[in-house]
Amino acid sequence: MGDAQPNSSPRPNGPALRFVAAALIVRGGEVLIGQRRVDQPMASLWEFPGGKIEAGESPEQALARELGEELGIQASIGPPVTHIRHNYRHGGAVDLQFFAVHEFTGEIDNQIYQQVRWVRLQDLTGYEFLAADRGLIRDLAAGKLL
């Protein structure tokens, strides 16, 4: 009983698990994606806008807040699209909840990304996304989710 020390053997879903809400902001057959800056972890990879769910927030509340901070828009958060849990090779894990966003007010004002881009769903596979998003990208490009 005394030979196990706290944090001596990390569990796969240990304290590094982050809960994140992300948006599939769609218009017509396009979705908005953002490219991470070169000074961020996983630099220059593409992702969907969103961020960490803070204590006391629902995923929808967190996503609305993040979209305001990242893109300067007030979004109507739509239905959940999918839920993914991904363990990264270098440690850490993320629990991602994706929501459709079909309506927002305000103009897209990029606050955090190297660039943002509207991309046709079928063209998503031509972009290098974060590992956690890659299965979702294949499904979106194949027309399975939206």
Side-chain angles (χ1 to χ4, degrees), residues 6-7 9-146:
N7 300 326
S9 60
R11 297 180 325 218
N13 293 334
L17 180 63
R18 292 184 312 128
F19 291 89
V20 173
L24 299 173
I25 303 172
V26 292
R27 68 171 191 198
E30 296 180 320
V31 64
L32 187 73
I33 61 175
Q35 186 178 38
R36 296 174 73 90
R37 294 187 322 261
V38 295
D39 62 336
Q40 291 179 298
M42 297 178 270
S44 299
L45 295 180
W46 293 86
E47 65 182 1
F48 295 100
K52 184 178 176 188
I53 301 169
E54 301 290 348
E57 285 183 317
S58 70
E60 294 87 349
Q61 289 169 330
L63 186 53
R65 175 184 51 74
E66 288 283 348
L67 294 177
E69 292 171 5
E70 294 180 1
L71 300 173
I73 60 173
Q74 293 75 49
S76 298
I77 308 303
V81 174
T82 192
H83 187 174
I84 299 168
R85 185 169 284 189
H86 180 80
N87 294 309
Y88 282 97
R89 283 184 301 168
H90 303 296
V94 64
D95 182 286
L96 287 159
Q97 296 181 57
F98 289 89
F99 294 87
V101 173
H102 295 281
E103 297 177 11
F104 63 87
T105 58
E107 294 293 318
I108 300 286
D109 181 19
N110 176 18
Q111 297 294 312
I112 66 159
Y113 292 107
Q114 186 169 308
Q115 62 177 315
V116 293
R117 189 175 288 180
W118 290 100
V119 176
R120 294 184 322 157
L121 293 172
Q122 61 266 36
D123 295 336
L124 285 171
T125 56
Y127 293 82
E128 190 175 354
F129 275 83
L130 295 172
D133 295 343
R134 291 180 188 152
L136 170 63
I137 296 303
R138 285 189 297 273
D139 288 346
L140 287 171
K144 293 183 182 177
L145 295 174
L146 293 175

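Bear in mind the structure is a predicted one, so any value in this text is a computation, not a measurement.
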S.K.: Hey, could you give me the CG/CD distance between Leu45 and Gln40, rounded to the nearest 0.5 Å?
M.R.: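 CD of Gln40 is found 10.5 Å from CG of Leu45.
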S.K.: Without placing hydrogens or testing angles, list every side-chain donor-acceptor pair under 3.5 Å for residues 23-36, not counting sequence neighbours.
M.R.:
residue, atom, partner, partner atom, Å
Arg27, NE, Glu30, OE1, 3.2
Arg27, NH2, Glu30, OE1, 3.3
Gln35, OE1, Gln114, NE2, 3.2
Gln35, OE1, Gln115, NE2, 2.8
Gln35, NE2, Ser44, O, 3.0
Arg36, NE, Pro41, O, 2.8
Arg36, NH1, Glu47, OE1, 2.9
Arg36, NH2, Pro41, O, 3.1

S.K.: Say whether, by atom type as modelled, one donor and one acceptor occur between the side chain of Arg85 and the main chain of Ala93 under 3.5 angstrom.
M.R.: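 Not confirmed, Arg85 side chain does not pair with Ala93 backbone.
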S.K.: Please report the closest heavy-atom contact between Pro49 and Leu67, naming both atoms and the distance.
M.R.: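 It is CB-CD2, 3.6 Å.
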S.K.: Does any N or O in the side chain of Asn87 come within less than 3.5 Å of the main-chain N or O of Arg89, such that one atom is a donor and the other an acceptor?
M.R.: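 No; zero donor-acceptor contacts below 3.5 Å.
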S.K.: Among all residues two or more places apart in sequence or in another chain, which pass the side chain to side chain contact (heavy atoms under 4.5 Å, CB included) test with Lys52?
M.R.: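 Expected list: Glu54.
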S.K.: Minimum heavy-atom separation for Ala132 and Leu96, please, with both atom names.
M.R.: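 So the minimum-distance heavy-atom pair works out to CB-CD1, 3.6 Å.
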S.K.: Would you give the length of the straight line joining atom CZ of Arg138 to atom CG of Leu124, rounded to the nearest 0.5 angstrom?
M.R.: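 If we round to the nearest 0.5 Å, Arg138:CZ and Leu124:CG are 12.0 Å apart.
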S.K.: Where do Pro59 and Ala21 come nearest, in terms of heavy atoms and distance?
M.R.: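 Looking at all heavy atoms of both residues, the closest pair is O-CB, 3.5 Å.
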S.K.: Any salt bridge (Lys or Arg N to Asp or Glu O under 4.0 Å) involving residues 62-71? Give me the pairs, sequence neighbours left out, ordered by first then second residue.
M.R.: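 Listed by first then second residue: Glu57-Arg65, Arg65-Glu69.
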S.K.: Just verifying a value: how many Å separate Leu140 CG and Arg120 CZ, rounded to the nearest 0.5 Å?
M.R.: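 Rounded to the nearest 0.5 Å, the CG-CZ separation comes out at 14.5 Å.
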S.K.: Hey, can you pull the donor-acceptor pairs under 3.5 Å for the side chains in residues 71-83, sequence neighbours left out?
M.R.:
residue, atom, partner, partner atom, Å
Gln74, OE1, Thr105, OG1, 3.3
His83, NE2, Asp95, OD1, 2.7
His83, NE2, Asp95, OD2, 3.1

S.K.: Taking side chain as C-beta onward, heavy atoms only, is His86 less than 4.5 Å from Leu130?
M.R.: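 No, every pair of side-chain atoms sits at 4.5 Å or beyond.
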S.K.: Show me the pairs that pass ring pair (Phe, Tyr, Trp, His ring centres under 6.0 Å) and involve residues 112-137, at least two apart or across chains.
M.R.: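 For residues 112-137: Trp46-Tyr127, Phe48-Phe129.
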S.K.: Restricting to side-chain hydrogen bond (donor to acceptor under 3.5 Å, both in side chains), what partner residues turn up for Gln111, sequence neighbours left out?
M.R.: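 For Gln111, the residues satisfying side-chain hydrogen bond (donor to acceptor under 3.5 Å, both in side chains) (neighbours in sequence not counted) are Asp109.
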S.K.: With rounding to the nearest 0.5 angstrom, report the CG to CG distance, Asp139 to Leu121.
M.R.: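 So the gap between those two atoms works out to 11.5 Å.
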S.K.: Do you know which two heavy atoms are closest between Asn110 and Ile112, and how far apart they sit?
M.R.: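 Asn110 and Ile112 have their closest heavy atoms at OD1-N, 3.2 Å.
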